[in-house]
Amino acid sequence: MTIELLYFAWVRERIGKASETVSPPETVTTVAQLIDWLAADSAVHAAAFVDRQRLRAAVDQVFVALDAPLGNAREVAIFPPVTGG
Amino acid sequence: MTIELLYFAWVRERIGKASETVSPPETVTTVAQLIDWLAADSAVHAAAFVDRQRLRAAVDQVFVALDAPLGNAREVAIFPPVTGG
Amino acid sequence: MMTVTVSEAIIDAGGEFAAISASGAGGIATFVGLVRSDDNVATLSLEHYPGATEAALEALADGAIARWDLIDARITHRVGDMHPGEIVVFVGTAARHRGAALEACAFLIDRLKTEAPFWKKETRGGATSWVEPRDSDDAAAARWKA
Amino acid sequence: MMTVTVSEAIIDAGGEFAAISASGAGGIATFVGLVRSDDNVATLSLEHYPGATEAALEALADGAIARWDLIDARITHRVGDMHPGEIVVFVGTAARHRGAALEACAFLIDRLKTEAPFWKKETRGGATSWVEPRDSDDAAAARWKA
């Protein structure tokens, strides 16, 4: 499975890029597992994702909880709570 | 006591004038008594004031109930419920 | 700050909006009431009680400024004859935060409908009649008593 | 009818107002959020999630149009760098009656704050920081669940 990852706001700044393409193993089936998998191999990702309470996500542009299934997601976005308007 | 009376909207139209100056006797001490006194001498006023439920009043530009005292009122306005805005 | 105007002049929404926006506030709420175009009204005539009207509107604005700590409030009301699409009333509120601006704006227009001495007469199809007061206006005004 | 715009262009309040007023409706409510002048913010930067932002705003507008039977709704949101006194967001609603316009306008700005993917960064005194989410925004958005 190939996923386009998007990062916004301070998640983007801490990771140091706005997007990347990853191919997680089939055992990664939820957003939370994707975050764990990214953090396991990269100190930079681990630092950006250290406080899971402050992370929000969208799968194919639909806002979801972190335990939501990835399904056949093509685009996953990880970001802080929104502060717009 | 000399009072400047003001009429608005359909009260004004039915009475046929926007204002008049009257000198009611001292026994007239409330707005309601003033209305009764006006209606007693004039069929036109009586017709305009026939439905007291649909009348509102202000004494010296302060909105009051019909049983409010006139005090030393200089200006009394009689009109239908407001429909502005 | 507060500006209350009652006049026969056509209301320029852009100018009103610019005036209330000039306060440096973070949130501006406005309400504009227009003569509806879908209602077969040819002419709407607004009569008012000169002097008492301005005093009533100023009292409403004073109350809103105190209750919601507004930076600015603006009420501009037209009187006389007007036509579909023309503005009857502009209400604008400026506050540091949006909740205050939005609530105060709704308060002012709800209360204005029941407390300011304006009377509407409509001409449609050649027939003219005074607009009857609406119970829903009393209900809307009453919810701000708390 | 509905118009949703997300852009780096400066928002012209007069133009926005004219657009929402052109609907022939009896009541127009608007809310404008500006970069506050009293807050020592030199620059406010708004980041967003292109595509998802527009979809979120359109979904909000659709919901408001259905719930309050609006004639028109308009959301214009700026992104990028902006300065004190400049407009961040314009929300306008047009309805036959004022209650619907006022409530729908408050609904849209409350929900927009919690459901649309925008992030604010402030620069003051040379220091830059991301704005933290406010509990009061969640509370304001939640009151529309009923």
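Values in this document were obtained by computation on a predicted structure and should not be read as measured data.
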Exercise. With only heavy atoms counted, which part of B:Arg12 is less than 4.5 Å from chain C, the side chain, the backbone, both or neither?
Worked result: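 Contact with chain C involves the side chain of B:Arg12 alone.
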Problem set entry | Region of B:Phe8 in contact with chain C, defined by heavy-atom distances below 4.5 Å |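 Backbone plus side chain of B:Phe8, per the 4.5 Å heavy-atom cut-off to chain C.
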[X], [atom1]: over 12 other non-hydrogen atoms inside 6.0 angstrom:
{"X": "B:Asp41", "atom1": "CG", "answer": "no"}
{"X": "B:Arg54", "atom1": "CZ", "answer": "yes"}
{"X": "C:Asn40", "atom1": "CG", "answer": "no"}

Quick one: pull up [atom1] in [X] and [atom2] in [Y] and give me the separation to the nearest 0.5 Å.
{"X": "B:Glu13", "Y": "C:Lys121", "atom1": "CD", "atom2": "NZ", "answer": "4.0 Å"}
{"X": "C:Glu132", "Y": "B:Trp10", "atom1": "CD", "atom2": "CH2", "answer": "8.0 Å"}
{"X": "B:Phe79", "Y": "C:Trp119", "atom1": "CZ", "atom2": "CH2", "answer": "5.0 Å"}

Exercise. Between C:Ser45, C:Gly51, C:Ala56, C:Gly33, which has the largest tally of heavy atom pairs under 4.5 Å with chain B?
Worked result: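 The answer is C:Gly51.
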Exercise. For B:Val82 and C:Thr114, which heavy atoms make the closest approach, and how far apart are they?
Worked result: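 That would be CG2-O, 3.3 Å.
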Exercise. Are any of the side-chain heavy atoms of C:Glu115 and B:Phe63 separated by less than 4.5 Å?
Worked result: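 Result no, sub-4.5 Å side-chain heavy-atom pair not found.
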Problem set entry | chain B contact via C:Ala55 - which portion, at a heavy-atom distance below 4.5 Å |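 Neither part; nothing is under 4.5 Å.
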